[in-house]
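Taking it in order: structure first as structure tokens, then the write-up.
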Amino acid sequence: MSVTTERLRDLIETTQGELPPLTVALVQDLDLPEHLAIADVAALTGVTAHTLRYYERIGLVEVPRDAAGRRVYDREALGRVVFITRLRDSDMPIAAIARYVELVKQGPGTEPERLALLEAHRADILHRLADLQAALAVVDYKITTYGGACGT
């Protein structure tokens, strides 16, 4: 489990189940240095270095390089990786994430399209959650049929 995930879970527990906004400010709340190497970002986020390089190659995240040519992740880039990771965790396709990032790069005039993209993704997540809840109900039923108990 990544430090970021642990911190998010801690925040969820202390805010009575409400997920705080996933922003660069949340990343800044973590006790991290201003600049991180790719290995550090991989360790913090649980995303492999290979995947981080892929995200950079396809334009999802911009990472400057130091004088020796090594990637140097700042907190903004780390925040973007965390955001992308959460979108991927919720099964948003890379193409949709790339579209979102492109819209962000185009500036404030694209906010309605970004909103629509995220609202559509949210609706998909809610649909999948309902499907999972129905599946859980069936499993719970069978467990109780065999004399087991289902708790939360």
Side-chain angles (χ1 to χ4, degrees), residues 1-137 139 151-152:
M1 181 181 315
S2 69
V3 170
T4 304
T5 301
E6 288 174 10
R7 179 68 178 132
L8 283 172
R9 287 192 178 152
D10 289 344
L11 285 170
I12 290 168
E13 288 174 11
T14 61
T15 58
Q16 298 164 332
E18 294 182 24
L19 184 65
L22 185 58
T23 63
V24 174
L26 179 60
V27 171
Q28 289 172 341
D29 186 43
L30 299 172
D31 187 21
L32 299 171
E34 285 297 316
H35 296 95
L36 298 164
I38 193 169
D40 298 325
V41 173
L44 283 170
T45 62
V47 177
T48 66
H50 175 77
T51 299
L52 291 169
R53 287 188 292 273
Y54 171 69
Y55 287 170
E56 183 183 357
R57 187 172 64 252
I58 65 172
L60 297 183
V61 64
E62 295 177 10
V63 183
R65 307 229 178 193
D66 65 13
R70 292 181 298 255
R71 290 170 176 82
V72 180
Y73 286 77
D74 59 15
R75 289 175 184 234
E76 183 176 342
L78 177 59
R80 174 71 60 89
V81 169
V82 170
F83 181 65
I84 292 167
T85 300
R86 295 296 170 244
L87 293 177
R88 290 296 298 139
D89 286 348
S90 63
D91 291 333
M92 181 179 262
I94 289 286
I97 296 171
R99 177 66 183 146
Y100 179 86
V101 169
E102 183 56 37
L103 291 168
V104 169
K105 289 177 184 177
Q106 290 175 20
T110 63
E111 289 163 344
E113 192 174 345
R114 285 185 256 165
L115 176 61
L117 194 152
L118 291 173
E119 286 176 336
H121 184 60
R122 183 178 189 281
D124 182 54
I125 291 170
L126 289 172
H127 179 75
R128 287 185 285 120
L129 282 172
D131 288 347
L132 284 172
Q133 288 171 336
L136 179 60
V139 171
T152 54

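This chain uses plain numbering: 1 for the first residue, then up along the sequence.
Interatomic distance, OG1 of Thr51 versus CG of Leu60, reported as 11.0 Å (0.5 Å rounding). Here the CG atom belonging to Leu132 is positioned 10.0 Å from the NE2 atom belonging to His127, to the nearest 0.5 angstrom. For the atom pair OH (Tyr100) and CD1 (Ile84), the distance works out to 10.5 Å, reported to the nearest 0.5 Å. Atom CG of Leu117 is separated from atom CG of Leu87 by 9.0 Å, given to the nearest 0.5 angstrom. For the atom pair Thr45 OG1 and Leu52 CG, the distance stands at 5.5 Å (nearest 0.5 Å). Of the inter-residue distances, the one linking Arg88 atom CZ with Tyr55 atom OH reads 6.0 Å to the nearest 0.5 angstrom.
Heavy atoms only, all atoms of each residue included: His35 and Asp74 are closest at CD2-CB, 4.2 Å. Pairing each heavy atom of Ala49 with each of Ala42, the nearest pair is N-CB, 4.0 Å. Among all heavy-atom pairs drawn from Leu36 and Leu78, the shortest one is CD1-CD2, 3.8 Å.
More than 12 heavy-atom neighbours from other residues, nucleotides or ligands sit within 6.0 angstrom of CZ on Arg128.
Looking at Arg80 and Val101, their side chains come closer than 4.5 Å, going by heavy atoms from C-beta outward.
Residues satisfying the salt bridge (charged side-chain N to carboxylate O under 4.0 Å, His left out) criterion with Asp131, sequence neighbours excluded, are absent altogether.
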What's the verdict on side chain to side chain contact (heavy atoms under 4.5 Å, CB included) for Arg86 and Met92, showing C-alpha distance, side-chain angles and the deciding distance? CA-CA 9 Å; Arg86 295 296 170 244; Met92 181 179 262; over 6 Å; no
Side chain to side chain contact (heavy atoms under 4.5 Å, CB included) assessment of Ile97 paired with Phe83: CA-CA 10 Å; Ile97 296 171; Phe83 181 65; over 6 Å; no
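Residue pairs meeting the salt bridge (charged side-chain N to carboxylate O under 4.0 Å, His left out) criterion with at least one partner in residues 35-63, sequence neighbours excluded, are Glu56-Arg65, Glu56-Arg71, Glu62-Lys105.
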